[in-house]
Structures are given as structure tokens and as C-alpha cells.
Amino acid sequence: MDSQKVVRKWQKRWKDAKLFEPEQNKQEKYLITVPYPYISGSLHIGHARVVTEADVFARFQRMSGKNVLFPMAFHISGTPVLGISLGIEKKDPKMLALYTEYVKAYINDGKEVEKIVQSFKDPQKIVDFFIPKMVDEFSLLGLSVDWRRSFTSGEGMHQKMVEWLFKKYKENGYLMQGKYPVLFSLTLNNAVGEDDIKDGDLDPVEKQDFVLLKFAFEDGFVVAGTLRPETMFGQTNLWVNPQATYVKAKVDGETWYVSKDCVTKLQYQEHKVIVEKELSGSYFLNKKAIAPFIARDVVILEASFVKPNICTGFVTSVPSDAPFDYIALQQLKSQIKPISIIQTKGFGDFPAMELCKKMKITSLSQETELKEATQELYKAGFHTGILKDNCGRFSGMTVSEARKSMRDEALKDGFGVQFYETSRSAVSRDGGDVIVAMLDQQWFIDFTAKGWKENAKKCLDGMTIQPDVYRKMFEDTFAWLERRPCARRRGLGTKLPFDTNWVIESLSDSTVYMSLYPIAHLLREHKIKDNQMSEEFFDFVFNGHGALKDVAKSTGVNEQALKELRQSFDYWYPIDHRHTFPAHLPNHLSFMIFAHVAAFDKKYWPKKVSFHGMVLSEGVKMSKSKGNTVTLLELDREYGADVFRAFLCSTTSVESTMNWDKGTVSHVQKHLESLFELASELVKSKKKGESPAWALSQFERLKKKASECIARMDLRGYSMVVLYDIPALVKKAQKLLSEQQMQAFANLVSDWIVLLSPLVPHLAEELNELDRGKGFVSIATWPKVDEKRIDPIEEFKVEAFEQLVSDIKTVITLAKVTPKEISVLVSSQWKYQLFLMLRDLLKETRDMKVIISAIMKTDLKKSGEDVMKLVQSVLKDPQKLPEVVLDQKTELDTIDGMKERLEQAFSSKIVVLAAEKSSDKKANVALPGKPAIVVK
RNA sequence: GCGGACGUACCGAAGUGGUUAAACGGGCAAGCUUCAGGAGCUUGUUGCUUAGUGCAUGCGCAGGUUCGAAUCCUGCCGUCCGCACCA
């Protein structure tokens, strides 16, 4: 079977038949969504997981009689696309290579490739190039997506809808403005994100919150920064780098001494700085300054580890708790002794000294070890440290309390100033320095606004969360959500409608975009212009607010169109189901809930979220550098959609990790091929007739299991049944049934094909074409389970036969004989009576006394001793009691009926007897359902 | 540190108080089949033991609740994730 050909054949037919383009009707609807993907190049199997799982489930819902809408759109907001453009423009070799490779996957002509890559200097060109490719690639998976309703977050309808949302936020008092520190590129003169910073993804840059402390020095202050104000009672000296350049400057009217590099940073953090003169670091050597908190003279010593481009270029020294300071003093052979200030669990008076000794650090050149030691002490101190008696009014506080109190006091009393610094030195993609800048008037979403969290909680309480363990995480997230910056100075997206200098940040603009799915194609059809999609417009379409006539008048949209839009929205909304990744929980999904409760009437709040697991390739995370990325193009070429779908769903439960491993994938591929052959064989051989009850019963049972599993989105359980259990049953039937019976049994293949359809739709369509010759199995009705067909007794008889065969084999092996005659001795009559009684009794009690006394009241008493033994052993090991207890006659007849097949199987004479009629001592070991076996 | 999840065979994994734990998939081994390869089929894959279809052990470790625990509770060990403004 040529998978590519089959995939394309059916996808074309589905498309031509508009099979997955639903409109509102009288049926119950089901709107299932997945996160819209961000464009970033070729799609790979990581992207494929969420859509495939959603698709399998969507197909099942559709076949179960619901009107299912599975739509998809594309996200282009934010800075990553800009980062790509910038990288290409600045000829970043990595970026060029990456995108050349992406484009090459679609375009053969080398010159054309280069031309396209160069065009990516314009971000819109990236969007225009990749989106059609993404649609094609997703389609290759066989998704039942209605592509008519797709849009990007850059389109007018999306932007207008986001504007509407933000106006709602504003009206509700959910927005506020304030100061906010951001990473900032001096050359780009703009805020930057992870994507704009060189190696920002590998080694993320954070903003660290320092306190600058002022040390009275000459006519002003030497200023040193610290992350650990709680250690200030342990200060012994200051450090300066004599090789670096410093300045004397007026900062907000005071005279400060700081490194030259610090000046710009101070300016970007809202300080007024006028440089008076430059000074060498050596100017400060061995001079004294007065340390804050301890109000004592400390000497300024030289230290090469002090970097002028970090903070102010001065560092205050706390040798008791800072490994760098301790080692630096050691190397200087200084007389200065550390002052013990913090009691840290697991350490004595001088943790820095202890740790350095333990880690064998003796020199400042061991920078890596020193950093590690600093980290460890920082952590240990923060979690377990308590300030000692020599720390003034802060004595007895924990480190975390003291850090806050001392910081607050320093800021309040004016000898400290807040200052942000990057966690490492960083440059933007164009090579310019990245610093921390303070933005004024930053816009925030204020989740703490009155009533908002309560409503969000109400929405959550009404939602299904699958699996439910994630509910608590939602609750925790809601609890700690406070204020979130929601707009930036740059990036693609929607401008804040009431402050157009700002672009709405990309997570905040993608919270309610699903609301466009019911109407996107209609907006296009009716040629509704951007400027017509006003606040009144969305109020009407989304919430039914306002009068049709008024809205038509104010927007210029005709009443019929408005009515249609409104009806379509009201039909499809709310979202019935969103399938997504747990990483979205603390941000996107929580924001989605908050945004819905902020802007939509209660009946449109989302109803269900389900979560899926991670994706690995060959046991590790997929990444370009590891070379284990599998793109959807490769997938299509080598395996085809059905193999992926079957592999994903059968090897991985929805919530666990999928590991793409080629060995297993090709097994699945082969399995599908043989499954196809098996099913085709059934289609060809089926004839009217009667197949035995046990086989029908087992098939019905599997059908039931598959239906139950897929209904609760247990895709793995469902896949196992349709891919493995059913073929195993077919093979068993082929072995045990006569030709005529098998031909009759083969009729079940039609149901099987339907059951396969959500999972492997292309293969199922092929089979269906063979079987019925027309129509689409993709929209067939899910088969009903006929409980009446499930017959445990008939099934038990077959199992008993198989068990008997296996037992006889064991006995033969143990007896080491080639049997001429095999006797099957069916248990004595009284044991059936006992087992039946025991089965009922065991349902009520496990108490031996009660059971025995009940049994001894009956005529079983005459077998007294044997009964006791048997009851004891059954109670000890209740599995001895078979699921179904027949009577002696039925068992005899059943086995007698198998005689011929047994004789064939063992090429031996078979004698079937009741235990009572046998003189063999083995007859006693026979139990109901477990006859004794004697080989001769 | 806080919060959450997990720990079952050689591997992935099913089973969440009661019908033989390990279904199912894979690996490995033996046998059959095939000119060969690929593959397919059968059997086996905790230990002990046996003239008889057996017994014992067993779900990270140690306890507890229960007639009965992989499953519930407690403690310990180990692994993973989140703790934000980043899509």
C-alpha cells in the first residue's frame, strides 16, 4: 500500500465532499480546539501530537452523532518572528543556515531559496511563506479540520477582537499602569525578549534585584550593590578593581563614586546623572568609607574579581558568608577576620570558610567552584539561616525576613537605592549591550481586581479538567496571579486601542481568539471591514447585547449578516473542549479562563480542558543540534499519517510521554500492513451464516471496551482493542471455527472498519471502499453495543478448552511420556454444589467460620473432611474459584464436544469421564472447570 | 525551600482494595517455516520443585489499616515538573 497515495486520495475526497466543514444545524454541537501554533519554520512530530489526539477524539464525537467543529488558526504575535527577521538582516550565520534549511524542504532551486530567505527581512514575508506550508503539513496528518475558518493573529478580525477584549478589561478596571523593569538593548533602543538576545534560549538572562548601598566617602558616597542586604552586619571591607575606570558623578543631586559602565544603567533606571570626572580604581585603594547599618569605617581593598560592568563596580565584603570575599582576603594575607552573623543549618560560625575548605578552594582563579559555593550558601542561607544576636534589631529574624526588612529600611532611610542588573552580561542579536531599563507607565493586567478571581474560580468549578489532578494547579495559579505586564514597545500584534504606543503582548492577545472560529468564514463571506468590527459589533455578535437595528446602523453591517453571525456564534460557543500541553496551564489556559469571564456572558465560558504529555525522539528531547527532529514532511514520506496516528495512540497514553523511536515505529507500520491484509481477507470471505456465540460474544465485548475507552478519551485503551485485540480474536476464530462459521464471523469486519476509522482514517476508508464500495466511513455511525450478545458461559467454554489444552501439554511434559491415551476426568458432583455455594457466600463474607458452618448445614456434610480442605484452599487462593461455575453434565458435554479437536491436537485417544466413574486416584484433584488429567 | 506528580519484568507500559499481577507492544532465547534475507508462526523469558496440571516469592525501601493491598495511610530513598511575565 502506497501510503502517500492513499493519504492524498482520501484527503482530496474529504475536501471535495466538504466533509469537515460543519455549519449550525439541529444536532448537538461539539467545539474542540487546540492551541494555535506559532509559526517558526517546519512542523515536526512535536506539533503533531496535540492535533492528532484532538482529531481522533473529534472524529469519534462526529461519528457518535454530534456536529463537530475542529478549527485551527495561527499565532504570529510577539517578538520571535521579529528576531528571525533581525537575524537574517544582520546575517546571523545560525539563523541563515536554519531558515535556508527550512525553505529548502519546499523549494528545490537554490537561487530561489536564497531569494526567499532574504525576503524574510520583512517579518510579514515569513508569515506569508510559512502559513500555507503549515496548513499543508497539518493536513497530511489526516485532520478533520475546517480550514475555512482559519486566520492569523495578525489579521484585522483578530486585532479588532483583541481591541474589544482590552476595552472590556479597561471598563472593568482590570488594567493599570506602573513602573516596570525590562531587558533593554542599547543599540536597538528597545525592550528585548529571550528571542532577541544572543543565546537567550540556551542561557536565559534574568533581572536581578540589587540594593545599592551608600558608603560615606570624602565629599560623597562610594556606592556598592548587594543581593544580600541581610549580611550587612558582617561587612569587613570594600572591594575595588584598580584596573577599572570609575567616575565621580552627581546622581540625583548627590555625589556618587561608581564605575564608568554603571552610568548608563543608572540613567536608564530613572536617575539623573552628571559625570564630573573619571578616576582610576587605584584612586580608592586603602582609603576608608563608612559602611551603612554598622556605621563603621571599612577599608577599600583591591580585588580582581570585581567586574566594572556588573552593578557599580564596588563590592562590599562579607567574608563570613561569601566565598569570593573570604578567598580574596586569604590571598591578600589580610589581617581582617570574618564576623559571624548568620546561623545556617549544617554550618558553623563561618560558612564560607567551611565550604571553601570542603571544596578545596584556595584561589580566586577557581571561579567555577567559587560560583558554585556561592550558589550553595545563598540557597542554604535563604532557607535555613537565622540572624545572630549581633545584628541589631534584625537579630533572630530568618534570612528571608531580614533581607526584606533591611532592604526596606535602606530604601526608606535613603542610604539604599533599588537597582536592577542582568544575571549575566548579554548582547542582543546585533551585538549591542543588553541592560535593565525601567519603564514608566507600563500597562498591567491586574488579576487581583475586585471580583475577577471569584468569577474565574466559578468558571473553573464548572469545568471538566482531565486528568483532574491539574485542577489544584489551576487553583494555585489563580491564587498567585497578581499583575502581569500585558504590552510591550515592540513585536507583532495588536496595538492597545487607548494607548497606541504599546503593542499587546503575545500571551495576552491569545486568550479568546477561539471566539472567532464560529464566525471567521462568515466575516469574510459578508466582506465585513475592519473598521466595522467595532465594540458594539462584538458586543452584539458575542454577547447578544444591543439591538440589532442600532448595531446595524452604527456599524454599517446589514441586519441579515449580523443575525447570521450572532446565530452562528451562539450555536458554536462555548468551547466544549480544549486539548493542550500542561506547560500552558499557569499562563495561557489560566488567562483564557480569566479573559472569558471578563468579556463573555456566563453561558459562553469554556467547559473542558484535557492535557497531553511531552514528546521525545529516540529517548531525548527533540532539537536541531541533536539531529533527532522528525518533520511532518519526513513523516509523510516515510510512514504516512496512519502510522503516526497508530503509533502515537497505541504506544502512549494521552497524559504520558511519547517517545518516537524508529524501531517501534516500523513495527507499527508492519502491523498496520498485516492488519489491512487481514481485514481485506475478511471483507472478501464474508458470507451469510451463523457464527458461534462465543466468537460473537467476544467481539461484542471488545466493541464495548473500545467504545468505552474512546468515549473517555482513553485513546490508548481504544487503540489497543482495535489494533491488537480484534485481530487476535480474528486469528483465534480462524483457528477454532469451521470455514462456514468463519465466513459468517467475517461479517463483523464492517463494524471493525468503523471502529478503526477515528484512529487510522485513511486505511479505514480504503477498507470501507472494499467492503461497501461507497460513502465515507469517516462519517459512518459509531456501532451500538448489543449487550445481549455478550454470553459469558459460551466464552468460558472456549477458554476452558484452551486451558485444558495447555494443561494437558504441561502434564505431558512433566510426565515425560508420549501419550497413547489421555483421560480427562471431570470433577465430582458435590464439588459443583460446593463451588456454587462458595461463590455466593464469598460475596458476603471472607470469614472462614461463617462459611464453614453454613456449608456444614447442608448435605455436603457427608464429604466433611474433603470439604474442609477444599474450602481452606479456596479461601487462601480464591482464584481457584472460576468465573463461571457450570454443572457437571454441561462440563462433561462441553469437553466431550471438544474430543475430536483434542484427539487431533495430541494424536492420542481421549477419554472423558466423570470423576465418580474413574478409579484413578488423580480423579480426586479435579475441580469444577479444572478436570484432572491422566496420561498413559 | 514550597507545591505537584511518579517509582510494576531486560525496555515501554497495563492494572488503582477482591476472578492466576505483568495484558499489550518491543527485546532476547529455542523450535518450525523460507534458497537466502526480510518476515511469519509456536514456545519460553522471578525462584524452587515435582509423576502430575504444583508451591513459594514478588509491584522503590520500611512500617501500618484490612479477612484481603501494586492499589488506602505514615515515614524514608530516588526521578521528573512548576515557582511567572516567556512563547
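Below, read A as the first sequence line, B as the second, and so on, with proteins coming before strands; counting in each chain starts at 1. Excluded from the calculations below are hydrogen atoms, water molecules and symmetry mates; all remaining heavy atoms, backbone and side chain alike, are included. Predicted model only: the values in this text are computed from it and were never measured.
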### Query
In whole Å, what separates the P atom of G25(B) from that of A14(B)?
15 Å
### Message
To check you understand the geometry: which heavy-atom pair defines the closest contact between V721(A) and A706(A), and what is its length?
### Response
CG1-CB, 3.8 Å
### Task
With sequence neighbours excluded, tell me which residues meet side chain to side chain donor-acceptor pair (under 3.5 Å) with T657(A).
none
### Message
Give me the distance, rounded to whole Å, that separates G58(B) from U46(B) when you measure between the P atoms they each carry.
### Response
16 Å
### Message
Let's go through R403(A) and L227(A) carefully: what are the C-alpha distance in whole Å and the side-chain angles of both, what is the deciding distance for side chain to side chain contact (heavy atoms under 4.5 Å, CB included) to 0.1 Å, and is it a yes or a no?
### Response
CA-CA 9 Å; R403(A) 184 174 298 168; L227(A) 285 167; over 6 Å; no
### Query
Between C61(B) and G78(B), how far is it from one C1' atom to the other, in whole Å?
10 Å
### Task
Please name the pair of heavy atoms, one in F644(A) and one in R49(A), separated by the smallest distance, quoted to 0.1 Å.
CZ-N, 4.2 Å
### Query
Among C24(B), A87(B), G4(B), which is the nearest nucleotide to the side chain of K472(A)?
G4(B)
### Query
Do any side-chain nitrogens or oxygens of S653(A) fall under 4.0 Å of OP1 or OP2 in A14(B)?
yes
### Task
Can you tell me the distance, in whole Å, between the CG atom of L589(A) and the C1' atom of C86(B)?
15 Å
### Summary
Assert: residue with more 5' nearest nucleotide on RNA chain B, out of D725(A) and T651(A), is T651(A)
### Query
Counting side-chain heavy atoms from C-beta on, which of G25(B), G3(B), U53(B) comes nearest to A932(A)?
U53(B)
### Query
Any Lys/Arg nitrogen of E505(A) or R484(A) sitting under 4.0 Å from an Asp/Glu carboxylate oxygen of the other?
yes
### Query
For V182(A), does its backbone N or O pair with a side-chain atom of Y420(A) as donor and acceptor, under 3.5 Å?
no
### Summary
Closest to the 5' end of RNA chain B, once E655(A) and H667(A) are matched to their nearest nucleotides, is E655(A)
### Query
How far, in whole Å, is C80(B) from G60(B) if one measures between their C1' atoms?
15 Å
### Query
In dot-bracket form, how is RNA chain B paired, counting a Watson-Crick or G-U wobble pair only if both its distances are under 3.5 Å and using | for bases paired to another strand?
((((((((.[[[..)..(.....]]]((((((.......))))))(((.....)))...[[[[[..)....]]]]])))))))....
### Task
Using the C1' atoms only, state how far A39(B) lies from U57(B), rounded to an integer number of Å.
39 Å
### Message
What is the separation between atom CZ on F611(A) and atom P on C6(B), rounded to the nearest whole Å?
### Response
15 Å
### Task
For H584(A), report the nucleic acid contact type (base, sugar-phosphate, nothing); a contact means any heavy atom under 4.0 Å.
nothing
### Message
Can you check the distance between A9(B) and A23(B), where both ends of the measurement are the C1' atom (answer in whole Å)?
### Response
13 Å
### Query
Among residues 713-723 of chain A, which contact RNA chain B at a heavy-atom distance under 4.0 Å?
R716(A), M720(A)
### NZ (K732(A)) with more than 12 external heavy atoms under 6.0 Å
yes
### Task
Decide yes or no for R483(A) and T448(A): does some side-chain heavy atom of the first lie under 4.5 Å from some side-chain heavy atom of the second?
yes
### Query
With a cut-off of 6.0 Å (strictly less than), are more than 12 heavy atoms of other residues, nucleotides or ligands near NZ of K207(A)?
yes
## Note on the structure
Separation of G40(B) atom P from E681(A) atom CD, nearest Å, is 16 Å
### Query
On a whole-Å scale, what distance lies between the P atoms belonging to G7(B) and C41(B)?
32 Å
### Message
Does K453(A) have more than 12 heavy atoms from other residues, nucleotides or ligands lying within 6.0 Å of its NZ?
### Response
yes
### Message
Could you tell me how far apart I933(A) (CD1) and A51(B) (P) are, to the nearest whole angstrom?
### Response
18 Å
### Query
Just how far, in rounded Å, is P of G40(B) from CD of E677(A)?
11 Å
### Task
Sticking with atom P, work out how far A21(B) lies from A5(B), rounded to a whole angstrom.
29 Å
What protein N or O atoms touch nucleotides 78-85 of chain B N or O atoms at under 3.5 angstrom, if any, and at what distances?
| from | atom 1 | to | atom 2 | distance (Å) |
| --- | --- | --- | --- | --- |
| A84(B) | N6 | W480(A) | O | 3.3 |
| C85(B) | N3 | R483(A) | O | 3.2 |

### Task
Report which part of the nucleic acid N659(A) touches: base, sugar-phosphate, or nothing (heavy-atom distance under 4.0 Å, all strands).
nothing
### Message
Does P931(A) reach a base, just sugar-phosphate, or nothing at all? Heavy atoms under 4.0 Å.
### Response
base
### Message
Counting C-beta onward and ignoring hydrogens, is there a side-chain heavy-atom pair between F474(A) and L589(A) closer than 4.5 Å?
### Response
yes
### Task
Only counting residues at least two apart or in another chain, list the ones meeting side chain to side chain donor-acceptor pair (under 3.5 Å) with Q734(A).
E681(A)
### Task
Round to the nearest Å and state the distance from L702(A) atom CG to A23(B) atom P.
17 Å
### Message
Nearest to the D476(A) side chain among A87(B), G3(B), U53(B), which nucleotide is it?
### Response
G3(B)
### Query
Sequence neighbours excluded, which residues qualify as side chain to side chain donor-acceptor pair (under 3.5 Å) partners of K179(A)?
E270(A)
